[in-house]
Amino acid sequence: MRILIHQAKIYCKRSPFHLQTMDLLIQDGNIVRIAANISADVDKMVEGEGLCVSAGWFDAFADFAEPGYGNRETLRSGSAAASAGGFTDVMLSPDTTPPVHNRSIVEFILSQTLPVNVHPLGSMLDDKGGLTEMYDMREGGALTFTNGSNPVMSAGLMLKVLQYTLPMQIPVVQVPGERKMISDGLMHEGIMSTKLGLAGIPAMAEELMIMRDIELVRYTSSPIHFTGVSTQKGLQLIQQAKAEGLPVTCSVAAYHTVFTDEDLATYNTHLKVFPPLRTTADREAVRAAVLSGVADSVASHHIPVHADEKLCEFNHAAPGMNTIQQVFSALRSWTNDIETIVERLTASRKIFTGHECIIAEGTPARLTMFYPDENYTFTKEMNRSLSTNNPFLNKSLTGKVAGIITENQIHFA
């Protein structure tokens, strides 16, 4: 297939064409020519006023619910939503039934033909709380390991995980939150939780786990990646660890850059997430971390939840937000720095695979196309996910994805 992207502004800092408006000719899955004007017979052409193109966006944490929860999402519907959100690659949480704790489930996920490249994450712990066969899963294609939304509580077990994965030199993924401190918590512990009469989740629950795991990294020299970091102090701890030269990276959830605990004043269950929405000061710290690079990347933390689990009392609602199609728009709602947004949406590829996609002649075409200044309203007809637990529905947004190109195929949003 021959594809021509016509007059698109290129966002790729490591490309000689960075910030230039060019034509890109793609043939058989590779970029064969980049020039100011290209005349060629092609099968598909992409063009539009204000069109931009970057290396494919890489999501460091999402849940596509399969196997086990097909009423919430499937690999196919989740991939369709990811594609419409501009992601060419998605790392999948093992929070399924059964969990991704053996090689056969990893291989099942990788056997599917999907519009995006999915990267299954293997569970660190098995059903009995012991270590899984991580090396075998790695050999079967697991990108790295995590315990998903249920972080490893035992320092001893986390130590063993880091020691076991040290020879692999891949960062394991931790969603920080000391569960024994969370207990029956429903939202961030603070003034708003008191006003609303809802049990709180203290920021310290997240920060203590970050502190503990940094100490374990210092002891083992094994890399770790914290995702969903939501507090000012947690980010400071990570910044200090990086300054020390420890192999620590982190990502933040896009929705933590937009919403705060004050948005829960109406008991909107779509905003019940873990880690929870924090204070305005925390949100500003997360935004600053995105701009400064303390947050290496931005992840969707796409957790689809069936309507029955959201259309209920707040204390009974399941945590999770369907957001993978709005990550770019969420970031555009508070910053015009397109270069930084693209950097944060592509950075996880280098963190977890060790290589980058660069827009240059002769390189594979794994690309995201987007209109950074286009205004639109996200409607239910545009929702590609099976779930509707999406706080952006019927909202006016800025920053629209045009589509992705991967594996010699073009998928329009």
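Just so you know, residue 1 is the first one in the sequence shown, and it goes up from there.
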Would His6 and Asp23 count as a side chain to side chain donor-acceptor pair (under 3.5 Å) here? Give the steps.
CA-CA 5 Å; His6 180 61; Asp23 285 1; 3.2 Å; yes
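The backbone N or O of Ser77 sits less than 3.5 Å from a side-chain atom of Thr74, completing a donor-acceptor pair.
Side-chain atoms of Pro115 and Gln409, non-hydrogen and from C-beta on, never get closer than 4.5 Å to each other.
Between the side chains of His225 and Ser251, at least one donor N or O lies within less than 3.5 Å of an accepting N or O. In the model, His101 has no side-chain atom that pairs as donor or acceptor with a side-chain atom of Glu133 under 3.5 Å. One side chain, Thr257 or Trp334, offers a donor N or O that lies under 3.5 Å from an acceptor on the other. Of the N and O atoms on the side chains of Asn102 and Ser104, at least one donor lies less than 3.5 Å from an acceptor on the other residue.
Taking the charged nitrogens against the carboxylate oxygens, Arg76 and Glu66 have no contact shorter than 4.0 Å, which rules out a salt bridge. The residues Arg287 and Asp282 are annotated as not salt-bridged, no charged nitrogen and carboxylate oxygen being separated by less than 4.0 angstrom.
In this pair, Phe370 and Tyr11 present their aromatic rings tilted. The plane angle is within the 30 to 60° band. Phe392 and Phe259 have tilted rings, their planes meeting at an angle from 30° to 60° on a 0 to 90° scale.
Residues Phe61 and His302 place their aromatic rings such that the two centres sit no closer than 6.0 Å. Side-chain rings of His119 and Phe58 approach one another, their centers coming within less than 6.0 Å.
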